[in-house]
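One structure below.
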Amino acid sequence: MPTFQAPRGMRDILPGEVERWQALEAEIHDLAARYGFREIRTPVVEHTEVFQRTVGETTDLVEKEMYTFSDRGGRLLSLRPEGTAAVMRAFLEHGLARQPQPVKLYYIAPMFRYDRPQRGRYRQHTQFGAEIIGSPDPSADAEVLALPVRLLQQVGLTEVEVRLNSVGDAACRPLYLAALRDYFRPHVADLCVDCQRRYEEHPLRILDCKREGCHRIARGAPPVFGYLCDECAAHFEGVRAQFDMLGIRYSIDPFIVRGLDYYTRTAAEVYSGRLGAQNAMFGGGRYDGLAEQLGGPPTPGVGFGFGLDRLLLVGEQEGLARPLDRGIEVMVVTIGPTARSEGFRLADELRQAGIRTDGDLLVRSVAAQMKHADRLGARLALVLGDDELAAGTVTLREMASGEQTTIARAGIAPALLDRLRRQEPTNEGQGR
RNA sequence: GUGGCCGUAGCUCAGCCUGGCAGAGCGCCUGACUGUGGCUCAGGAGGCCGCGGGUUCAAGUCCCGUCGGUCACCCCA
């Protein structure tokens with residue numbers, strides 16, 4: 001038994017699984033570029049306040065899920081639990097408002113939350129997120145949210161439905177909260193303890209409660225739509241119209257509330273039936289007040305966060321195409337010390353020519369080297385012994401057929417390259 | 001943070017109920033006459049039975065704790 005394990009809720013991604021990540025990440029970079037998004041990388045750690053002031057003091061995320069510590073200089077820092085606040089911080093810090101507007105940014109980055117781990121919920125997970133900062137128009141909402149939808153379709157998950165809602169803005173939300181309090185007031189005693197607290201702090205969240213009792217009461221609550229101000233109502237209509245235009249399926253769900261305080265107007269989520277309890281694939285929305293909460297000028301923004309660990313879990317269950325691993329193509333097999341040393345030169349030559357090549361690092365017998373070539377899935381073995389050295393040749397063995405030919409040592413790299421690329425397996429050579 | 005279930009070799013698991021020498025398959029390594037893999041055969045390495053404590057003549061097996069995983073709650077991606 002190893003003495004150490006990875007920290008709870010965190011895991012190693014080993015060869016075999018890592019290829020899925022690489023393929024997915026490549027797909028995302030490509031998708032984001034096609035939609036005109038540029039990548040941004042921010043530190044894994046931020047000043048704790050960045051999240052406290054934006055995500056909300058009373059949210060679970062800030063209240064009990066952050067990895068917070070003070071560094072040796074006495075600064076209070078946190079591992080980032082989500083991406084949007086950090087991106088906005090960077091936007092403000094570097095004056096990106098002076099770049100051509102709107103600014104379209106995306107990231108693939110690890111997030112940290114001190115949760116109780118289970119399948120699909122990790123203390124370190126990776127999110128793909130994108131933000132459009134600088135446009136208040138509904139088309140911006142539809143355009144960022146199209147990204148995760150297209151990604152899902154692209155990886156083969158076509159049965160996805162976006163759930164949409166509007167949570168109002170600074171103008172109309174207070175009215176709605178008041179209306180909710182009015183509605184829940186006579187029911188407070190019947191709500192769960194959490195919701196009784198929510199009644200005081202954030203009655204919107206009661207709508208989100210999954211407890212049967214609370215849910216039954218919440219079902220009778222007045223829907224937000226009657227309370228949206230004209231601007232918010234128009235915005236919501238605009239987003240819907242854009243979704244229709246793009247042919248993106250969605251449903252209206254007045255119970256989508258989002259667990260982060262910075263959201264205004266648009267709120268969106270997508271779930272998967274394949275994920276058990278941890279079923280949210282992505283969530284997002286508009287956050288027009290976020291920049292001001294960070295001390296910046298009023299700046300509209302909209303974005304989402306997508307859980308890639310969960311996407312891969314679903315993809316695995318759906319049996320989606322497994323990316324080819326980049327195993328070796330050629331194994332150099334040598335006999336005797338002189339050939340062994342020459343074999344190193346040969347292997348390196350092939351590698352520089354672009355061929356995935358391996359050799360013997362254990363001074364093994366020819367049989368063992370051949371066996372190793374087979375285990376690693378090499379297509380060709382190049383046998384090099386005293387005979388070949390003397391003749392200036394190499395014995396080439398097709399592993400699949402066992403067919404052997406003698407070829408010249410000189411100019412071998414181009415010859416092999418041609419041979420390998422000419423009769424590539426049909427599904428190789430695309431999508432990287 | 002709450003409750004349930006589960007931790008035995010690198011992997012998948014049997015053994016636990018009913019305490020008595022730690023096992024299988026796969027994988028890994030070596031060999032089967034001189035320089036050739038896959039199939040087969042033979043051999044080998046590898047386990048503080050997650051960790052700690054308790055009960056017992058004796059604990060992988062029973063009890064408690066703890067760490068980790070998992071399911072649900074909660075929360076969320």
Side-chain angles (χ1 to χ4, degrees), chain A residues 1-11 14 16 55 59-66 80-84 108-129 148 192-195 198 205 208-212 214 256-260 268-272 275-284 303-314 331-336 339-340 360 362 364-389 395-404:
Chain A
M1 259 292 115
T3 313
F4 289 106
Q5 308 175 265
R8 182 165 200 211
M10 304 188 182
R11 58 218 177 99
L14 303 178
V55 172
T59 57
D60 282 8
L61 197 61
V62 165
E63 232 170 28
K64 45 196 192 195
E65 293 177 8
M66 282 212 294
R80 77 178 152 219
E82 64 100 40
T84 301
I108 299 174
M111 304 295 163
F112 301 85
R113 296 183 192 177
Y114 194 87
D115 256 357
R116 176 110 172 228
Q118 64 185 73
R119 190 174 176 79
R121 181 165 74 186
Y122 307 104
R123 289 184 173 180
Q124 175 179 340
H125 74 280
T126 300
Q127 278 188 29
F128 161 42
C192 68
V193 281
D194 287 333
C195 283
R198 289 172 181 139
R205 285 240 169 72
D208 208 23
C209 187
K210 276 92 185 170
R211 285 176 199 279
E212 183 48 37
C214 300
I256 299 284
V257 160
R258 307 300 300 136
L260 286 57
E269 294 185 355
V270 164
Y271 304 96
S272 166
L275 282 172
Q278 307 307 317
N279 60 356
M281 298 267 282
F282 79 79
F304 68 88
F306 195 130
L308 298 187
D309 306 74
R310 290 181 183 176
L311 177 58
L312 287 173
L313 276 177
V314 173
M331 178 68 75
V332 175
V333 173
T334 59
I335 304 145
R340 194 174 133 79
D360 170 51
L362 284 169
R364 289 200 267 208
S365 70
V366 182
Q369 290 183 57
M370 289 301 298
K371 194 186 186 86
H372 194 230
D374 187 55
R375 291 294 155 87
L376 294 193
R379 285 185 53 202
L380 303 175
L382 294 182
V383 183
L384 195 58
D386 292 338
D387 298 347
E388 288 85 354
L389 281 181
T395 299
L396 182 151
R397 183 180 180 88
E398 281 278 356
M399 294 301 285
S401 63
E403 189 184 322
Q404 291 197 173

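Here is the naming used below: chain letters follow the sequence lines, and residue numbers restart at 1 for every chain. Side chains included, hydrogens not; waters and symmetry mates left out as well; all remaining heavy atoms used. What you see is a predicted model; the values in this text were computed from it and never measured.
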(request) Name the residue closer to the 5' end of RNA chain B, choosing between A/Y114 and A/F282 according to the nucleotide with the nearest heavy atom. (result)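 The residue mapped nearer the 5' terminus is A/Y114.
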Looking only at side-chain N and O atoms, does [X] come under 4.0 Å of OP1 or OP2 in [N]?
| X | N | answer |
| --- | --- | --- |
| A/R310 | B/A77 | no |
| A/Q278 | B/A77 | no |
| A/R8 | B/G69 | yes |

(message) Ignoring hydrogens and geometry beyond distance, is the side chain of A/R116 in donor-acceptor contact with the base of B/G3 at under 3.5 Å?
(response) yes
(request) State whether the distance check finds a donor on one side and an acceptor on the other, under 3.5 Å, for side chain A/R121 versus base B/C71. (result)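 Looking at the base of B/C71, it does not pair with any donor or acceptor on the side chain of A/R121 (distance under 3.5 Å).
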Give the rounded distance in Å between these two atoms: [atom1] of [X] and [atom2] of [N].
| X | N | atom1 | atom2 | result |
| --- | --- | --- | --- | --- |
| A/R11 | B/A77 | CZ | P | 17 Å |
| A/E65 | B/G1 | CD | P | 12 Å |
| A/D115 | B/G68 | CG | C1' | 17 Å |

(request) Would you mind building the protein contact string for nucleotides 25-37 of chain B? One character per nucleotide, 5' to 3', B for base within reach (heavy atoms under 4.0 Å), S for sugar-phosphate only, - for untouched. (result) ---SSSS---BBB
(message) Just to be sure I understand the rule, does A/G83 reach a base, reach only the sugar-phosphate, or reach nothing, if contact means heavy atoms closer than 4.0 Å?
(response) nothing
(request) Mind checking A/G336 for me? I need base, sugar-phosphate or nothing, with any heavy atom below 4.0 Å counting as a touch. (result) nothing
(message) Run the side-chain hydrogen bond (donor to acceptor under 3.5 Å, both in side chains) test against A/Q124 and tell me which residues pass, sequence neighbours left out.
(response) none
(message) Treating A/Q369 as the side-chain partner and A/R364 as the backbone partner, does any N or O pair qualify as donor plus acceptor under 3.5 Å?
(response) yes
(message) Taking pairing as Watson-Crick or G-U wobble with both contacts under 3.5 Å, can you name the mate of B/G27, or confirm there isn't one?
(response)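 Pairing partner, where one exists within any strand: none, as none qualifies.
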